[in-house]
Structures are given as C-alpha cells and as structure tokens.
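Below is one structure, written out as structure tokens; comments come after it.
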Amino acid sequence: MKNALYPSRIELSKSSFEKNVSFLQDYVGKDVVFSSVIKGNAYGHGIEDFVPMAEECGVRHFSVFSSDEARKACRAKNYEETHVMIMGMINNGALGWAIENDVSFFVFELNRLKAAIEEADRIGKQARIHLHLETGMNRLGLEEHKFEEAVSLIKKYRQHLQLDGICTHYAGAESVGNYVRIQEQIENFEEYCDWFEERDINPKHRHTACSASALNYPETIMDLVRIGISQYGFWPNRETYMNFVKRYPDVQAKHKDPLERVLTWKSQIMSTKKVPAGEFVGYGNTYLTSRDQEIASIPIGYSHGFGRNLTNVGIVLVKGERAPVAGLVNMNLLTIDITDIPEVSKGDEVVIIGKQGDQEMTVASFSEMRNFMNYEVLVQIPSSIPRFVVK
Ligand SMILES: *Cc1c(COP(=O)(O)O)cnc(C)c1O
C-alpha cells in the first residue's frame, strides 16, 4: 500500500550499507567507535528508516546536527544502548530534553556549559557533553582563552557532567590545498588535549575525524569517528579516492570501489503516447519532435527535487537504457523520449538515481554541476518520498 500510494520511492540497500560499514570499520580499526552521521535527514536517506537499518548492521552511535534531528533519531532507534550525539544546534531550552534522553551534545560556548550544568542540577541527572575546541576552522569551537574558565566550571560541577568527548572539526580535509591548515589543526588539538589532561580533564573519547579526514589523515581517527558521506557509499571527492587507492594499491587492483551506493530513487512510467514529427512537447516550445516519437510521462518534477534546470538535459533509466528528458521539467511531472527504447509500457520502473541493468545514474551526473557536491544533491531529495529498506 505504502508503495502504491506514492509516485516514487527511495530504496535503501542494507547489504551495500553493511559492506560500507564493514570496510570503514576495518579501516579505522575494530576498537574505534563508528558514529554514523545522519544530519540532513541522513543525507537524504531518511532518518526514520535509515537508523533502524544501521542498527541492524551493528551501528550504535549516531551524530546529528540539531536537537530536532536528535529527537527523530531517538524515536527511530530500536536499541536501548544506541546513543545519539548533537554536533551543532540545540537551544538552551532543549538541553533538559537532551539530558533526560541521554543525548550528548557539543559544548563550544561557556553559556551552553553553564546552562547544561543548571539543567542537569534541576533534573538531577548528568549532562553528557563533548568539549568542542576551536583549532583553526573559526566557525564553532571553544577558543583557547576560555579553556581556563571551562575547566574550573567542569571541576566545580563535576557531579552534573559526564565528559563524553573532546573534539574538533577540520576545515576541508578532502583537499590537499588545505594541507597546512589541517596539519595546524591536528597539532593544536593534540596540544590542547594534553593541556586539559594536565588539568585532570579526561573525556571518554577524543574525536575529530569526518570521512575525508579519516581517509586522508589516518592520525585523525583517534577513538571515535564521525562518518557521514562515505557510509552512504560516496567518496567525499575524487581527490580523496585517488589518494586512497594510491595508499592501498590492493583496492585499486581489485578494480572495484569498496564503497557501494546505498540509495536508489525509483519511479514508474505513468503514461506513454506517440507524437508525430514537428510537434512541441509539454509547456511552451522548448522541445520539438524531429521525427515520429514516443514520449513517456514520469510523476516526478521540481517539487521532488528534480530541478527545472534538467529540462532537456536530464537523463533517467528505463529498461536498462538511458532516456533523455524531453521538454520542460514541471512541478510534479517530466516527459522523456523513449522512441529508441523498445516495448516501454505504463508501470515500468524508472530509475532517477541509482543502477538499472548495466547503467547507473550517479548523484553527480544527476546534479548539473559535475563537481561532486554529492552532499547537496542528496539532502534535497524530499523527506516526503517513502523509503524502503531492501536487501
Ligand atoms: C557533517 C559532519 C561530519 C561528517 O562529515 P562527512 O564528510 O559526511 O563524513 C563530521 N563531523 C561534523 C562536525 C560534521 O558536521
């Protein structure tokens, strides 16, 4: 029923995700906590369906950006011991909720630290915090001149705090152009950690690595990693992939990308019709038939994240073949040329992103700019499209 109701669906491949996690866990080391980053609606994969699937594959730690995402993750999880960590936004008014629900959060301002202590005192339960240090990204992060005060607050109110982590985030570890800046950040972090340790502040985990830094700078792995894009089967960028296969020639020798895409976006042929030569298709005059053609409609449009800029440019897969968009992309509908694809009929599967037969529509090719901003394309897939976990 859920399937029949909707014009399109997202399938999440559990076996692909399992392979990605096992590859990444082997790479970072068996004892390193794998925190699955699920901000941005799990990079478009859908928090509600992704979290239970990841749990079935052994994941017990999730990172979100904000408290609303944390609440979604808490509702979606099935295991008591599964932990949710907020890396970014939480209003002081929601700290109580986080504490009550054992959700940990980054602390990068003394204001939040004080508010957390107050809330923990009020509730009678420890706040689980991660000290997020400024090391050179200059975005969020507690600055060095505030460390002293943080330490005295932590010591004074120790009974209200559980120090889950000390952490930072790198400013562009996917690109060698940022090498010097990242090195400085790594050095700063090491130095700061020692400083805190000397003052008897010993958080449970040190964590700094996202996908790119874990893959490009193994020394950033430490004892917990926050892995987003690569668990979904994407390299942060081509440079990171090239860099990786250079370091691990056996990966290259296998001629197979160790990461597999988890997400496939599918729809169906809604209707087909024959259009004689010399006719315009759809609104206006952007597409003129050059011969007798067969046109198919697909119930996907720009309201579903299929951009209007893909008019006469986009491609979808039908019967394992590439079918070009013919005419304007509408709000809920697009038309494709199927003249050269034999025997297409109503109800046939259409793949927007993912594989069909030997063909694949990658997220990068789906986006107009081909510069590997997979992140941006993925998160724009609407949350209203139903997700299904498949083998
Ligand atoms: C998004 C994010 C990550 C994960 O980044 P990926 O490149 O997707 O692996 C890790 N840490 C923080 C603080 C983030 O915001």
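Everything numeric in this text was worked out from a predicted model, so none of it was measured. Remember, it's 1-based here, ligands and their atoms both numbered in the order they're listed.
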Check each atom of ligand 1 against the heavy atoms of Y43 and keep those under 4.0 Å away; list them by number with element. 1 (C), 4 (C), 5 (O), 6 (P), 8 (O)
Between the side chains of K266 and E11, is the shortest nitrogen-to-carboxylate-oxygen separation below 4.0 Å, so that they form an ion pair? yes
Could you list which atoms of ligand 1 come closer than 4.0 Å to a heavy atom of K39? 1 (C), 2 (C), 3 (C), 14 (C), 15 (O)
Output the list of atoms in ligand 1 that are nearer than 4.0 Å to some heavy atom of Y375, sorted by atom number. 6 (P), 7 (O), 8 (O)
Check this for me: does any side-chain nitrogen of one of D340 and R291 sit under 4.0 Å from a carboxylate oxygen of the other? yes
Heavy-atom distances under 4.0 Å decide this one: backbone, side chain, both or neither, for R226 against ligand 1? both
Would you check if the distance from the ring center of F50 to the ring center of Y232 is below 6.0 Å? yes
What protein heavy atom sits nearest atom 9 (O) of ligand 1, and how far away is it? S211 OG, 2.5 Å
Show me the side-chain donor-acceptor pairs of residues 101-110 shorter than 3.5 Å, one per line, residues at least two apart or across chains.
{"residue": "N101", "atom": "ND2", "partner": "W97", "partner atom": "O", "Å": "2.8"}
{"residue": "S104", "atom": "OG", "partner": "H83", "partner atom": "NE2", "Å": "2.7"}
{"residue": "S104", "atom": "OG", "partner": "H130", "partner atom": "NE2", "Å": "2.9"}

Heavy atom of F65, distance to ligand 1 below 4.0 Å: no
Hey, which of I298, L333, V316, N332 is the one that makes side-chain contact (heavy atoms from CB on, under 4.5 Å) with F306? V316
Please determine if R199 forms a cation-pi arrangement with W195, meaning its NZ or CZ atom is less than 6.0 Å from the six-membered ring centre and no more than 45° off the ring axis. yes
Distance to 0.1 Å, residue and atom name: give those for the protein heavy atom nearest to atom 5 (O) of ligand 1. C210 CB, 3.5 Å
E149 and K114 ion-paired at < 4.0 Å: yes
Does the N or O separation between A212 and ligand 1 drop below 3.5 Å for any pair? no
Numbered in order shown, the ligand 1 atoms found under 4.0 Å of a heavy atom of G228 are 4 (C), 6 (P), 8 (O), 9 (O)
How far is atom 12 (C) of ligand 1 from its nearest protein heavy atom, and which residue and atom is that? H169 CE1, 3.4 Å
Note: ligand 1 atoms sitting under 4.0 Å from heavy atoms of V37 are 4 (C)
Distance only, no hydrogens: is a donor on one side chain within 3.5 Å (strictly under) of an acceptor on the other, for Q162 and D164? yes
